[in-house]
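Everything on this sheet refers to the single structure shown next.
The sequence lines fix the lettering, A, B, ..., with proteins before strands; numbering per chain opens at 1.
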Amino acid sequence: MTEPLAPQYNPEQIETELYHRWEAAGSFQPSVRRSAGPPVRPYVVMMPPPNVTAILHMGHGLNNTVQDVLVRLERMRGRATLWLPGTDHAGIATQNVVEKLLAKEGKTRFDLGREAFVERVWAHVKETGGTIIEQLKAIGCSADWSRTYFTFDERMSRAVREAFVRWYEKGLVYRGHYIINWCPRCLTALSNEEAEKNEVDGRIWRLRYPLADGSGSITVATTRPETMLGDTAVAVHPEDGRYRDLVGRELALPLTDRRIPIVADEAVDPTFGSGAVKVTPAHDPLDFEIGRRHDLATLDIMTPDARLNDAVPERFRGLDRFEARKRVVAEFETLGLLEKVENHRHAVGQCYRCDTVVEPRLSDQWFVKMAPLAKPALEAYRSGRLRFIPERRGEEYAQWMENIRDWCISRQLWWGHRIPVWYCDASECGKTTASRTDLTTCPACRGPVRQDEDVLDTWFSSQLVPFSSLGWPERTSDLERYYPGDTLVTAPEILFFWVARMVMSGLDFMGDLPFTTVYLHGTVRDTQHRKMSKSLGNGIDPLDVVRRYGADALRYTIIAGMSVGTDLILDPDDLETSFAPGRNFANKLWNAGRFILGNLHGPVRPLAGPYSNVVGREELCLADRWIIARCDATVVEATAAYERYRLNEAASAVYHFIWSDLADWYIEQIKPRLYGDQPGGDVARAVAARTFEVALHLLHPIMPFITEALWLRRPGRRDGDSLVEAPWPRSDPRARDPEAVGDYGRVQQTIAAIRQIRADYRIDPGELVRAGVIDTKFVGSSPLWQEWQTIRRLGKVSSTTPLVSADGFGVSATVVLPDGTQVFVPLGDVIDVPKERIRLSEERDRLGRLLASQMRKLENHDFLNKAPKEVVEREQEKLKNWTEQLQVITQRLGLLSSP
RNA sequence: GGGCGAAUAGCUCAGCUGGUUCAGAGCGCCUGCCUUACACGCAGGAAGUCGGGGGUUCGAAUCCCUCUUCGCCCACCA
């Protein structure tokens with residue numbers, strides 16, 4: 001690490017080098033080990049169960065970067081941390097992917113059979129799941145990988161059974177015959193959350209059902225005409241005058257030979273449609289409830305893959321539901337019973353994994369009773385113990401808790417935790433047993449048993465992660481030490497799937513919240529605001545970005561571009577625009593480091609405090625005091641921003657300090673001192689080294705690789721050094737120096753003024769000009785005189801001392817600084833009186849307009865009376881300065897117009 | 001149908017408690033520069049009625065009302 005640094009930052013080389021170093025030192029998981037002393041409540045961040053099929057997509061890149069930033073930050077601030085990473089891949093998605101692979105071979109899961117299929121999925125998961133960790137390490141994530149949990153490891157499996165059995169014994173888990181969301185493609189039940197409601201432009205058909213005695217008809221409306229074949233009643237509102245006389249009479253259900261009753265039910269809205277509802281108890285949740293109240297038959301007319309079954313007239317059997325819809329409508333039309341077809345926009349449930357339209361289906365499923373669990377979870381939020389960032393997400397959470405419905409947890413899949421319930425086959429016993437261990441005989445009658453065929457919803461195991469990953473139900477020391485965690489960082493789309501359920505199960509099983517702060521970051525979207533997804537082909541592979549621009553560039557873009565609660569828009573077709581700023585910044589930092597570190601040869605006097613007795617305050621020049629003050633202000637600003645989870649603000653504060661203050665101004669200022677002949681080189685070295693180090697600290701959570709690489713290359717490093725273990729910089733009141741900030745600001749303004757004149761007059765960059773200042777306040781002792789060498793170098797000025805009188809040099813170009821100081825460049829060969837006159841008149845006019853409105857403001861009695869005193873004073877000060885500036889400009893203009 | 005959010009430079013967005021960070025940043029654009037840390041750079045510049053309208057206030061990008069357009073969450077009107 002002592003070879004000369006390359007002029008261009010090479011992320012691939014540096015990151016790979018550090019990756020191996022960190023891995024060898026075990027520093028991908030050093031967090032908890034170092035808190036061996038007194039018990040420390042660690043800062044815990046959890047990783048959501050990734051969708052193993054996606055391996056690593058931009059969402060994970062974003063999520064894990066935010067997590068890593070917070071974890072590194074807390075570690076640097078002296079807190080023990082624990083980052084629990086894991087993969088829970090027991091969901092529909094994983095099964096889908098393997099089914100797709102099978103489809104390419106022309107097979108389905110049914111061809112393989114349960115056991116072979118599960119083995120096949122396992123093989124896939126092992127292959128892809130293992131690479132996730134390597135990929136996350138590649139973007140610098142420092143989670144405690146040794147604690148990684150996998151869905152089917154022993155801990156998880158045991159916890160799942162324990163949770164199920166406990167809830168079963170408390171009566172919170174029950175088996176019920178209800179309408180659930182069914183995906184005809186995945187052939188499984190879905191929870192309400194998994195059935196995404198999407199608005200679609202559909203149609204509504206008005207169908208006429210004749211009365212059985214032929215004395216009239218009743219019209220019903222439906223968006224799913226095919227379900228009429230399963231109708232077992234028509235319902236009207238009991239108070240509806242139009243239909244009161246018809247209640248109790250029978251209808252002849254068209255296309256069938258069945259007769260169905262007309263019933264009265266409160267659930268019907270008399271103002272909607274015709275006020276009469278066809279009742280299909282087996283295929284609609286509302287109808288199911290109506291059917292129950294009126295003791296109606298339930299007629300299931302569909303097969304699991306949504307074809308019509310043998311319960312319908314023969315000509316419809318085997319038809320797909322959408323095909324059947326057309327046939328039913330056509331037949332109604334032929335019979336003259338189709339009254340109307342209207343366009344209708346309504347919400348249709350779709351499977352969140354495969355987008356297939358969900359079919360409400362009557363079946364036996366396992367449910368969790370949610371109301372008792374939701375109550376304390378809601379209370380935790382209302383009492384303020386559980387907080388959300390951004391805050392408004394808390395209301396979404398509360399709303400969901402208040403309207404919670406029971407959770408369907410059984411899935412008719414083969415891949416997942418199998419439901420730990422056994423049914424006794426003996427007809428006289430028939431006992432149902434939930435058990436923590438596998439059963440071979442019925443505990444009641446010793447007869448043969450068979451296990452429930454279904455598996456659990458993935459989120460059933462995921463909700464246990466905060467404690468199952470720590471060894472629950474055993475009371476392990478990990479659990480004692482790390483259980484109530486601190487912060488959860490995750491995506492808003494799994495607020496209900498995962499976050500809410502972790503809160504509920506944590507409160508119920510552990511008696512305490514699993515975390516107290518939920519930070520919900522935005523979603524990565526493309527320029528059309530679509531969520532990035534594989535199927536749309538608008539995704540960005542984070543590893544591709546890492547290869548091209550480096551992990552730090554990726555992380556910088558993510559953090560800098562995302563303010564609290566907003567989404568991150570990236571253009572997949574233009575990675576350059578998004579990620580180059582991060583790469584450029586890394587390169588800038590690299591070169592600033594190259595310069596500073598390269599000049600630290602020889603003894604560098606330490607600078608312990610800003611004005612320690614090693615390098616005393618009296619040795620510091622204006623620029624030194626200025627950069628130390630700026631550095632301290634950046635510490636304050638960045639720390640405050642980090643603490644408020646405003647990571648983008650922290651990023652921009654450090655960016656600005658490094659690029660604008662340190663690189664553009666300070667490094668330029670100290671060059672003469674470093675290059676030898678000027679005094680104070682060792683002071684400059686000390687100050688540069690110190691402020692640069694602080695900047696590395698502040699930036700490390702966001703850009704760990706490059707900051708660590710530079711940190712390791714500084715002189716005086718020790719083996720085993722790591723920035724993440726170094727203490728966070730503290731603000732020092734002695735560093736604050738408003739005088740230096742103001743004075744150096746005027747130096748910068750002076751240089752800018754000279755540069756502006758040079759550019760305006762197109763003076764050759766190589767040509768030196770004479771320049772001067774008329775500084776009425778500090779003649780001879782002003783900072784402009786002290787820093788004249790800097791002004792000379794950066795403004796390319798030949799005058800060895802500032803010229804003091806503009807008039808003595810003929811025509812000059814002048815810029816007036818806000819405090820009235822005149823900066824002027826005698827024009828010599830490039831005299832251009834008309835041009836200068838235009839420049840100054842424009843400036844005079846601008847100031848004139850500013851002054852006019854300012855005077856109006858200050859003549860307003862209301863303003864003078866009502867505005868706070870400081871504000872009035874400030875405004876008066878402004879007026880004074882502008883008047884002064886205007887006077888100076890007018891004066892110079894006068895000189896130009898005189899012959 | 002209910003709830004929430006957003007609209008600021010050509011693009012992506014900051015702007016928190018109304019007034020010296022008030023009209024900003026990055027990218028893009030224009031003009032000069034290969035100046036011994038960096039052309040992934042340096043210096044200078046152009047560019048915005050702060051979505052429309054109304055109100056509150058001495059003062060509004062900022063607070064209130066309203067309209068328009070996008071987005072998100074929730075919801076068993078068939």
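- In the interface, the side chain of E649(A) is paired with the base of C16(B) through a donor and an acceptor atom under 3.5 Å apart.
- In this structure, the nucleotide among A37(B), C16(B), C74(B) sitting nearest to the side chain of I667(A) is A37(B).
- As judged by a 4.0 angstrom heavy-atom cut-off over every strand, F496(A) is placed among residues touching the sugar-phosphate backbone only.
- Residue contacts for T222(A): at a heavy-atom cut-off of 4.0 Å it reaches the sugar-phosphate backbone alone, with no base atom in range.
- When side chains are defined from C-beta on, L864(A) counts as touching V872(A), because their heavy atoms get closer than 4.5 Å.
- Comparing P765(A) and Q756(A) along RNA chain B, the residue whose closest nucleotide (by nearest heavy atom) sits nearer the 5' end is P765(A).
- The nucleotide whose nearest atom lies closest to any side-chain atom of D269(A) is, among G44(B), A78(B), C40(B), A78(B).
- Between K531(A) and the phosphate of G71(B), there is no side-chain N or O to OP1/OP2 separation shorter than 4.0 Å.
- In this structure, the OH atom of Y549(A) is 13 Å from the P atom of C40(B), given to the nearest Å.
- Side-chain contact between Y243(A) and H237(A) is absent, with no heavy-atom pair separated by less than 4.5 Å.
- Contacts between residues 855-876 of chain A and RNA chain B, defined by a heavy-atom separation below 4.0 Å, involve N860(A), D862(A), F863(A), K866(A), A867(A), P868(A), V871(A), R874(A), listed by number.
- Looking at heavy-atom distances under 4.0 Å, H344(A) makes contact with sugar-phosphate atoms alone, never a base.
- Annotation: of the two residues near RNA chain B, A592(A) and A752(A), the 5′-most nearest-nucleotide partner is A592(A).
- Each of C4(B), G41(B), C38(B) was ranked by its minimum atom distance to the side chain of N587(A); first place goes to C38(B).
- Side-chain to base pairing of Q399(A) with A75(B): no donor and acceptor N or O lie closer than 3.5 Å to each other.
- The gap from the C1' atom of A39(B) to that of C34(B) amounts to 7 Å, rounded to the nearest Å.
- Set against C16(B), G44(B), A78(B), the side chain of R644(A) has C16(B) as its closest nucleotide.
- Under the 6.0 Å distance and 45° angle rule, K671(A) counts as a cation-pi partner of F595(A).
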